[in-house]
Amino acid sequence: MLYGGGRLRKFATIVEDIVEKFSFLALAQDQITESESRRDREKKFFIHYHTYAYVFMTKSFLDACAVFLNESYALEQRGSGIALDKQSFINCLDKVNPDLTKQLHSQREWFKLVVRYRNNLIHKHGLYVGPIPTVPDSLKDPIAVDQYILTQPAYIPNDPDLLIDNIYNGVEGDFIKVTCFVDEWINEAFHLFHIILSGFTTSFEVHDPNINSK
């Protein structure tokens with residue numbers, strides 16, 4: 001429960017939203033790690049589901065951080081213009097806190113990558129999330145092959161635009177283990193949160209609506 005009014009309550013609500021979304025990332029990360037230990041046919045489904053949720057929630061986390069910056073520095077951006085991958089937003093921030101934008105520059109490519117993954121899931125063909133095993137020649141029994149594949153870790157393309165059909169047709173691409181993928185992103189998210197909170201020096205007054213000014 002948040003108390004008080006004015007800008008303090010507004011900032012507290014925004015920070016609470018950022019922390020909550022970061023917690024969702026950590027939860028999805030735990031679920032993916034736990035699902036990797038499964039050896040049943042539902043393993044791929046659960047990893048796929050939580051990986052998709054992870055991508056969506058990462059973009060939501062970035063947007064919550066952008067809202068915090070927009071309010072903190074009175075950038076007065078609106079709607080979809082409040083986004084860390086939008087150069088117009090960064091330009092506005094640079095006018096009031098160039099040191100902060102310099103720090104954010106180190107994560108600019110990650111911001112764009114998150115948006116590419118998220119846009120792929122919403123507007124395009126989806127992502128391949130699953131094993132890419134090299135089955136030993138010694139395994140001839142189809143059941144044994146299936147069991148072997150169930151023990152293999154899930155991967156995801158480094159390029160979100162790599163078509164699933166291309167993967168099944170043997171087109172080569174760069175892949176990363178899903179567990180490593182989520183670890184890298186959550187580290188980036190934590191670093192971002194640290195940057196924006198460390199750079200927050202705006203002073204504000206607390207207006208308590210229950211107290212009449214005299």
Do [X] and [Y] come within less than 4.5 Å of each other through their side chains, counting heavy atoms only?
X: K102; Y: D94; value: no
X: K124; Y: N119; value: no
X: D63; Y: L84; value: no
X: Y54; Y: F24; value: no
X: W185; Y: V55; value: yes
X: I176; Y: P157; value: no

**Request:** Check the angle between the aromatic planes of F22 and F61 and answer parallel, tilted or perpendicular using the 30° and 60° thresholds.
**Result:**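 F22 and F61: tilted rings.
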
**Item:** Spacing of CD belonging to Q107 relative to CG belonging to D85, to within rounding of 0.5 Å
**Value:**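 Between Q107 CD and D85 CG, I get 13.0 Å after rounding to 0.5 Å.
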
**Prompt:** Just how far is it from atom OG1 of T101 to atom CZ of R108, taken to the nearest 0.5 Å?
**Reply:**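 Interatomic distance, T101 OG1 to R108 CZ, rounded to 0.5 Å: 11.0 Å.
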
Is there a path of hydrophobic side-chain contacts, each under 4.5 Å between heavy atoms of I/L/V/M/F/W/Y residues, joining [Y] to [X]?
X: F56; Y: Y49; answer: no
X: V115; Y: L69; answer: no
X: V129; Y: L27; answer: no
X: F46; Y: I32; answer: no
X: F190; Y: L104; answer: yes

**Message:** Using the ring centroid of each side chain, check whether Y117 and F181 are separated by less than 6.0 Å.
**Reply:**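 That pair passes the under 6.0 Å test.
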
**Prompt:** When the aromatic ring centroids of H48 and Y52 are compared, is their separation below 6.0 Å?
**Reply:**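 Yes, they do, as the ring centres are separated by less than 6.0 Å.
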
**Message:** Could you check whether N91 and Q87, counting side-chain N and O atoms only, form a donor-acceptor pair closer than 3.5 Å?
**Reply:**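 The criterion, which ignores hydrogens and geometry beyond distance, is satisfied for N91 and Q87.
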
**Asked** So, K21 and S60: side-chain donor and acceptor under 3.5 Å apart, yes or no?
**Response**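 Per modelled atom types, K21 and S60 side chains form a pair under 3.5 Å.
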
**Asked** After noting the C-alpha distance and the side-chain angles of L62 and F111, does the key distance pass the side-chain contact (heavy atoms from CB on, under 4.5 Å) rule?
**Response** CA-CA 8 Å; L62 292 184; F111 299 155; 4.1 Å; yes

[X] (side chain) donor-acceptor with [Y] (main chain) under 3.5 angstrom:
X: E188; Y: W110; value: no
X: Q77; Y: L75; value: yes
X: N120; Y: G126; value: yes
X: Y73; Y: C92; value: no
X: S106; Y: Q103; value: yes
X: K44; Y: P131; value: no
X: N97; Y: L93; value: no

Can you name the closest pair of heavy atoms from [X] and [Y] and give their distance?
X: I18; Y: C65; answer: CD1-CA, 3.9 Å
X: I14; Y: A64; answer: CG2-O, 4.1 Å
X: I186; Y: L25; answer: CD1-C, 4.0 Å
X: N70; Y: E76; answer: OD1-N, 3.5 Å
X: V178; Y: I47; answer: CG1-CG2, 4.3 Å
X: S80; Y: K86; answer: O-NZ, 2.9 Å

**Message:** Using side-chain contact (heavy atoms from CB on, under 4.5 Å), reason through L127 and L121 one step at a time and then give a plain yes or no.
**Reply:** CA-CA 7 Å; L127 297 167; L121 297 184; 3.7 Å; yes

**Message:** Does this structure show an ion pair linking K43 with E36, if we count only N-O contacts that are shorter than 4.0 Å?
**Reply:**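 Yes, this pair counts.
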
**Request:** Please report the C-alpha distance between D159 and R116 in whole Å, then the side-chain angles of each, then the deciding distance to 0.1 Å, and finally whether the side-chain contact (heavy atoms from CB on, under 4.5 Å) criterion is met.
**Result:** CA-CA 9 Å; D159 179 1; R116 286 181 61 203; 2.7 Å; yes

